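Please find one structure pasted underneath; my questions will follow.
The figures here come from the full heavy-atom set of this structure, side chains too, leaving out hydrogens, waters and symmetry mates. All figures in this text were calculated on a predicted structure; none of them were measured in a lab.
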Amino acid sequence: MLFSEFTCSGGHYVPFPDARTHRIELEQLRTPAIRDRLRALWLDPLSLDPSRYAGRVTRQIADALAGLAKSLEETGADSERVAGFLSRCLFTMFAEDVGLLPAESFSELLARLQEKPDAFPDALKSLWHSMNSGGFCGVLMIQVLRFNGGLFEGADPLPLTAEQIGQLIDAARADWRQVEPAIFGTLLERALNPHERHKLGAHYTPRAYVERLVMPTVIEPLRADWEDVQVAAQNHARLGKTKDAITEVRNFHGRLCQTRVLDPACGSGNFLYVALEHMKRLEGEVLDVLGRLQKSASFELEGFTVGPNQFLGLEVNPRAARIADIVLWIGYLQWHFRTYGHVNPPEPVLRDFHNIQCRDALIEAGAREPLLDDQGQAVTVWDGRSVKVSPITGEKIPDETQRLPVYRYLDPRRAEWPEADFIVGNPPFIGAASMRRALGDGYVDAVRSVYSGQVPDSADFVMYWWQIAAEKVRKGEARRFGFITTNSLRQTFNRRVLEPHLNDPKAPLSLVFAVPDHPWVEASDGAQVRIAMTVGAPGEQPGLLRKVTAERSGDEDARAVELSEREGKLFADLAIGADIAGAKPLIANSSVSSRGVQLIGPGFIVTDEEAHALGLGHEPGLEAVVRDYRNGRDLTQCPRGVKVIDLFGLNVEQVRERYPAIYQRVLERVKPERDQNNRASYRNHWWIFGEPRKDWRAMSAGLSRYIATVETTKHRIFTWLDANVLPDNMLVNIASDDAFLLGVPSSRLHGAWALATGGRLGVGNDPRYNKTRCFETFPFPTTDDTQIATIRDLAEQIDAHRKRQQAKHPKLTLTGIYNVLDAQRHQTPLTEKEQAISNQGLVTLLRELHDQLDTAVFAAYGWQDLAKQLVGRPGATCPWPDKPADQLQAEEELLTRLVALNAERAAEEAQGTIRWLRPDYQNPQAPATTTGEQHTADLDTPATATTTAKPKKAKLKFPTARAGIPEQVAVVKSALGKQARSLEELTEDFSDPKRTAPKIAEILATLESLGLLQREGERYRLNR
């Protein structure tokens, strides 16, 4: 017998190629195909993965359909009508290849019609009418099955030329039996959508990625149930109770056939199809066991089977919703013919279950009407895509003539989702800042009003789906949910949605599976992005954390990834170990950090030559509004040497009167773009930065320098910037000229904290420094003047060293320097280029300074024991996924201590004691002190917490016979968990050990006989 598991996700092996043909009898070895299969099994097993060939076939079919669709639209045909027509054609081709229509019957009809193209519309209309109702088909001269299902109802074929019919014939030559439904929907949607067709050659979401979420969300819970039923059935059979064994299996099969899976943003149905296929595989195993017990497995042919009706979808795009329905039926029929050969399914072949609903998943409204202005005219906005060339500057600017209407939603209310046992999917990737541009003001206002108090306005769009699904699971309305989100899920603005569910004292939600950062392919445009996967389940449960440790180019669209595994309590930051997500912002760190200015218009940026032409250097006072400017690349790579026009504090008349050349510059290069912005404040104050950072200007006033770090970058580096430099929005800045506050963040202690508390963003998936989570929660050490002086001195040396070497070698970059420094710590041989960087940057000396700084900061905390384990190790400034176990353990201990210190400081602050970082600015009324010295603030003091003795672990109650053997098996497996335990240890967990011991022993024996459990001496361990 052959079994396969091509997903490489650790899932269950299933019969290969299917449950009907996975057994190979000796006589079959005479068959060349069987011998070829066995040869490949040993020499090239991955060549047997059916998805490889299917993917290529599916791409070829989509390309052919796209060409025909474009040809039809060029003749003036409506794109929606073209999509409907080609959808019917492709299903007819599929029906021909799998045997639902006689072989070659449709292809031969097309060949005849190519010679008489005028007859094409009437001939196909007749064919599809016959397929819809069943009976004799005049154009094929045969009886045809009744398909029904709505697909062929009211068919209105398009007229085609002989050449276009030839394109259909080319598409029909493909092997439609081999279409891969998991990707076909995406490719078909692109092929039939004139706006998306140019993306047809782009990447699609690989099936393996989809399975990585579907398995823990849907399939693993069902397989756990099936294991329990198998144990119960085998126990019954061993006692001669065959009827009871059959009843157990039949009841499970009945529940499986009623299990509903919902994708509330289903697109073209790839998640639903993958769930359908794996449930059909499970059903095949169930029917196999049932057949051995009662010598029959005819349930599917009788209509009692896992079918498309169980897979529910919500989708706003009508074309995608129709495609999702087709995808499910193609997948279901493929499985039927692989399992039952040439036996046709019951009629009607297709059924319109209305399981894919074309509607919004978040809100319903009494009505939607155009928004009118004060004059009664419809309000419109720029479409966000169309541009034109400016006649003045020659640059591309928004085309204000290409506009979209703005709607308002009357009586918006929460949309109801269909009832389902499992919820899984990939809701839209739209950040909070982009929602209005992508969705329109009216829709965003309606959604935010409906979910006010549940989902903060700062959360990404996907978090509305997360909120609804989490509520349903906690209320018992669904067993589990699993979503793909952007990897910013771990950041503060999205964690605010997770935390109330995870921390609810009465009905908590648990994350039972998470991948914090994973490559992904956006289905809409093939863009390579980074995502997180999360699966939620009710109650307090341990979770499985899987982290990507290595990536490499894989087959076609997939990046092959290697994943580590760890089990434990999963927190809101998708981590196991120290509760980093629970760290509280500290008052001591407040009001001294800020992001830089956000321009909202590149026209503010000027080169040195442009600044000179505007009058800088010879127009008095111009240096006040034309300032040096730095962004992230300026710090980590080579500075651009640009300046920025900063008109904060001036009204438009003052700008025009005092700086006419500057006024004209922003009028021509900033105002056209601002005029199309959805935000009124940006439009009305077009000459000022979108976010001028008034608070930052106040906190940095009077300083000669300040500390900056790039928000999203590979290496966490802090550096001094002169006060006359205006920082960009992608810099996080600390308003202090004290080198102690440069030194501590530059240490590996703060680097570890920043990596754990921050998120990941950007093309390179680099760590992101969120000031609220990374800086404001960080507990700085309280230490003596000598240690402070040492840290200050080392911080100054490090910054001066880097600036000196970069001044000598202008092409030397901080990224290059720290890449080499990390390579030295890894003790990997340096390339010729790296050797040059090492020599120019004096990197060995820099490494020594950093090690001294790390040692000094560890000493300031009194944690010299950790210094011995961590100082000098790789991964101090950047992520290193494949760390040795001893380093991982030491870093986890470091984070645990920092979390505890954060809690201690938060408790102090609640009592009124605050260790200000910059007391002269943060608390000017207090007497002058050293950084970090305690001061009492006038705060409300909460009641003193009391502690109570931890209760003893309650004894478990063993389920009664009425509850059923499967329930008893589930309790025993839960008690075993991941540990190896003896029978005596297990029975001690239950309230009546003597009575339950024989039953537990019997269950353990059956689990072992099924290969679900192994013995280790007198102990038992589950095989997971």
Side-chain angles (χ1 to χ4, degrees), residues 453 456 458 490-493 495-506 508 569 571-573 575 577-594 695 699 734-736 738 740-741 744-745 749-750 752-754 756-758 770-784 788 857 860-863 893-950:
S458 58
R490 295 174 289 169
Q491 296 180 18
T492 306
F493 50 87
R495 283 214 309 262
R496 294 191 185 109
V497 178
L498 276 67
E499 287 166 347
H501 297 289
L502 301 181
N503 300 331
D504 187 275
K506 294 182 179 179
K569 173 67 176 176
F571 296 105
D573 59 349
D579 186 10
I580 299 289
K584 301 291 189 293
L586 301 175
I587 299 171
N589 298 18
S590 63
S591 304
V592 292
S593 65
S594 172
D695 291 345
M699 67 179 71
I734 303 169
S736 174
D738 183 353
F740 179 74
L741 295 188
V744 175
L749 289 87
H750 185 73
W753 182 263
T757 54
N770 181 311
K771 78 175 190 69
T772 306
R773 295 302 305 166
C774 300
F775 180 77
E776 293 182 3
T777 61
F778 183 72
F780 280 77
T782 301
T783 187
D784 59 43
I788 290 175
V857 176
Y861 283 94
W863 297 340
E893 175 61 24
L894 170 62
L895 293 174
T896 300
R897 293 183 191 184
L898 287 170
V899 167
L901 187 56
N902 168 271
E904 181 183 312
R905 296 286 173 79
E908 284 181 356
E909 292 185 347
Q911 299 294 331
T913 299
I914 302 173
R915 303 170 188 267
W916 302 105
L917 293 182
R918 190 180 159 196
D920 59 326
Y921 175 75
Q922 296 169 294
N923 190 26
Q925 292 78 22
T929 62
T930 302
T931 298
E933 188 168 322
Q934 300 180 20
H935 273 288
T936 300
D938 185 15
L939 300 173
D940 292 332
T941 303
T944 302
T946 58
T947 59
T948 57
K950 190 174 180 179

Original post:
So Phe775 and His750, would you call those rings parallel, tilted or perpendicular, with 30° and 60° as cut-offs?
Top reply: perpendicular

Original post:
Out of curiosity, Leu917 CG to Ser591 OG, how far, rounded to the nearest 0.5 Å?
Top reply: 10.5 Å

**OP:** Taking all non-hydrogen atoms of both residues into account, name the closest pair between Leu498 and Ala572 and its distance.
**Re:** CD2-O, 3.7 Å

Subject >> Verdict with reasoning, Arg905 to Glu908, per side-chain contact (heavy atoms from CB on, under 4.5 Å) >> reply: CA-CA 5 Å; Arg905 296 286 173 79; Glu908 284 181 356; 3.7 Å; yes

Original post:
Under the ring-ring contact (aromatic ring centres under 6.0 Å, His included) test, which residues partner His501, sequence neighbours left out?
Top reply: none

Original post:
Are the side chain of Asn503 and the backbone N or O of Glu499 linked by a donor-acceptor pair below 3.5 Å?
Top reply: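 Pair found, side chain donor or acceptor close to backbone of Glu499.
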
Original post:
Which heavy atom of Met699 sits nearest a heavy atom of Val592, and at what distance?
Top reply: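 Smallest interatomic distance, heavy atoms only, reads SD-C, 3.5 Å.
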
**OP:** Quick one: pull up NZ in Lys771 and CD in Glu776 and give me the separation to the nearest 0.5 Å.
**Re:** 4.0 Å

Original post:
What orientation do Tyr861 and Trp863 show, parallel under 30°, tilted 30 to 60°, or perpendicular over 60°?
Top reply: parallel

Subject >> Sidechain-backbone polar pair: Arg918 side chain, Asp738 backbone, donor-acceptor under 3.5 Å >> reply: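 Here the side-chain-to-backbone pair does not exist.
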
Subject >> Ion pair Arg897/Glu893, N-O distance below 4.0 Å >> reply: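 Result for this pair is yes, salt bridge flagged.
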
**OP:** Work out which heavy atom in Val744 is nearest to a heavy atom in Pro781; give both atom names and the distance.
**Re:** CG1-CD, 4.1 Å

Subject >> Residues in side chain to side chain contact (heavy atoms under 4.5 Å, CB included) contact with Thr757, at least two apart in sequence or another chain >> reply: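 Testing Thr757 for side chain to side chain contact (heavy atoms under 4.5 Å, CB included), a comparison that skips the adjacent residues, returns Ile580, Trp753, Arg773, Cys774.
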
Original post:
Taking all atoms of both residues into account, what is the closest heavy-atom pair of Ala752 and Leu895, and its distance?
Top reply: O-CD2, 3.9 Å

Original post:
Distance-only, no hydrogens or angles: does the Gln922 side chain make a donor-acceptor pair with backbone N or O of Trp916 under 3.5 Å?
Top reply: no

Original post:
To the nearest 0.5 Å, what is the distance between CG (Asp579) and CZ (Phe571)?
Top reply: 4.0 Å

Original post:
Can you check whether Phe778's main-chain N or O pairs, donor with acceptor, with Asn589's side chain at less than 3.5 Å?
Top reply: yes

Original post:
For Asn902, which residues count as a side chain to side chain contact (heavy atoms under 4.5 Å, CB included) partner, sequence neighbours excluded?
Top reply: Ala583, Lys584, Leu586, Thr777, Pro779

Original post:
For the residue pair Ile734 and Leu741, what are the closest heavy atoms and their distance?
Top reply: CD1-O, 4.4 Å

